[in-house]
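Below you'll find the structure, written out as structure tokens, and then a few comments.
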Amino acid sequence: MLDLQRREFIVKGSVALAGIAGLHASLAYAFPTSSGEEVIPWLDQPTENPDPAGIQSQLVWEDLDTWITPNDKFFSISHFNRPTIDETTWSMEIGGLVRKPLKLTLADIRARPRQEVVFTVECSGNHGFPFFTGGIGNARWAGTPLAPILEEAGVHEKGIEVVFFGTDTGEVPIRDVKMKQNFARSMSLADAMNPDNLLCYEMNGAALPASNGFPVRLIAPGWYGIANVKWLKRIEVRDTRFMSLLMARDYVTIREEDHNGETVWAETSVGRALLKSAPAKVTRKGSDYRIIGAAWGAPIDRIEVQIDQGPWASTTIDHSEEAEHAWKIWSLTWANPSAGEHTVTSRAVSTAGQIQPAMNDPLIAKKHTYWESNGQVTRRVRI
Ligand SMILES: Nc1nc2c(c(=O)[nH]1)N[C@H]1C(S)=C(S)[C@@H](COP(=O)(O)O)O[C@H]1N2
Ligand SMILES: [Mo]
């Protein structure tokens, strides 16, 4: 009963009532609901982070025990510097091909209609290197929708591209040109106008932490981390595609594709999130073992797990906390594992019937860059 009491406090609404009504429902809760369930650490562990300034607070998968990632445990990525911004002097411009350029302070933005979204942000480089496997977190973001602001500014008929500039700057060399430039990412006007996009000032009920973009960042649900520009400084509407470092040189996936037996090299800009899952941890309580994990990146139908080279087994999705753009937490009872070393692999299947690719699928095997590493994740564990 203690287990259910804990759930009563954290789960709201009809899902909670269903959970309280039938004990069996608590079996669908993925996270430990009673003490004595211990985590067995994976044998394979990420290697030492060579860039502690750029990559911070990666998720430790074995520690995953809440749907929402607390702010002090949320990963953060910076390509240039990490600016410290004084909110009292900060303002943001909306300009370029607009009829009425705007300048908004934090108070202006906060005074506008508030909208929240629970969105799992994953860095597109996550799982691209042995030292980078925890570039993911799930938060409740709050801000004001971007689309009405663009409407208010009045986008010119010729405007097709919206560029988001961060306050952070770096010196970027290309050929013999050296540019001191701000972090910049763009979206088509149609993508920018998506009603889910937020000028976000709050993360899990608190002001955005400095490392996650204080005072205001873009939150673009359904997109990889890179699109979610932090420390916003300026939004600019243009009449051509924008080919910045982070649109067209880095964050470009290079893949060999087969076209009627001929190899075509495709170079595509990283943008929307891709279907993915990963095992988070194996737990043991007495002789009962469970595998718990997460799945995200596309509407999820189901998640399956393979032990060693065995058959794929269905997992149970934890429906107690869910949202359209948030990871789903799943679990599976692992009955009578034999003593010794095992591999645990998960794969997500989308509602459209797409299966997360295996590592030897040409989609992954013929990808020559590390971004968009959404292949199946295999972990090793000793029972
Ligand atoms: N201005 C700015 N925005 C940025 C970045 C950055 O370096 N500068 N990094 C991007 C990348 S690569 C990712 S994965 C996400 C990560 O968001 P987080 O640091 O809040 O976890 O921020 C994105 N937004
Ligand atoms: Mo990223």
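For ligands, and for the atoms within them, numbers begin at 1 and follow the listed sequence.
Under the 6.0 Å distance and 45° angle rule, R382 does not count as a cation-pi partner of W42.
The nearest protein atom to atom 15 (C) of ligand 1, hydrogens excluded, is given as G225 O, 3.4 Å; this is a heavy-atom distance. The protein non-hydrogen atom at the shortest distance from atom 3 (N) of ligand 1 is K230 N, 2.9 Å. In this structure, atom 5 (C) of ligand 1 lies nearest to the protein heavy atom F183 CE1, 3.5 Å. With respect to atom 24 (N) of ligand 1, the closest heavy atom belonging to the protein is N228 O, 3.0 Å.
Distances from atom 10 (C) of ligand 1 to the heavy atoms of D250, I226, V229 put I226 nearest.
Surrounding NZ of K367 are more than 12 heavy atoms belonging to other residues, nucleotides or ligands, all under 6.0 Å away.
Taking every heavy atom of N212 and a limit of under 4.0 angstrom, the matching atoms of ligand 1 come to 18 (P), 19 (O), 20 (O), 21 (O). In the vicinity of S78, heavy-atom distances shorter than 4.0 Å reach the ligand 1 atoms 7 (O). Residue C123 approaches ligand 1 through these ligand atoms, each under 4.0 Å from one of its heavy atoms: 14 (S).
Residue-ligand proximity: Y251 is placed with a non-hydrogen atom under 4.0 Å from ligand 1.
The pair E38-R284 meets the salt-bridge criterion, with a side-chain N (NZ, NE, NH1 or NH2) lying under 4.0 Å from an Asp/Glu carboxylate O. Using a 4.0 Å cut-off between charged side-chain N and carboxylate O, K103 and E93 make no salt bridge. Ion pairing between a basic and an acidic side chain is recognised when a charged N comes within 4.0 Å of a carboxylate O; D191 and R272 show such pairing. A salt bridge links E37 with R290; the closest basic N to acidic carboxylate O contact falls under 4.0 Å.
In terms of polar-atom proximity, defined here as any N/O pair under 3.5 Å, W141 makes no such contact with ligand 1. Between D168 and ligand 1, an N or O atom pair is found at a separation short of 3.5 Å. Between I77 and ligand 1, a contact under 3.5 Å exists for at least one N or O pair.
With a 4.0 Å cut-off on non-hydrogen atoms, F75 touches ligand 1 through its backbone as well as its side chain. If you look at F74 next to ligand 1, the close heavy atoms, those under 4.0 Å, all belong to the side chain. If you look at R217 next to ligand 1, the close heavy atoms, those under 4.0 Å, all belong to the side chain.
Side-chain atoms of D196 and H325 include a donor-acceptor pair closer than 3.5 Å. Looking at E161 and S186, their side chains do bring a donor and an acceptor atom within 3.5 Å of each other. A side-chain donor-acceptor contact under 3.5 Å links R82 and S76.
Side-chain rings of Y201 and W90 stay apart, their centers remaining 6.0 Å or farther from each other.
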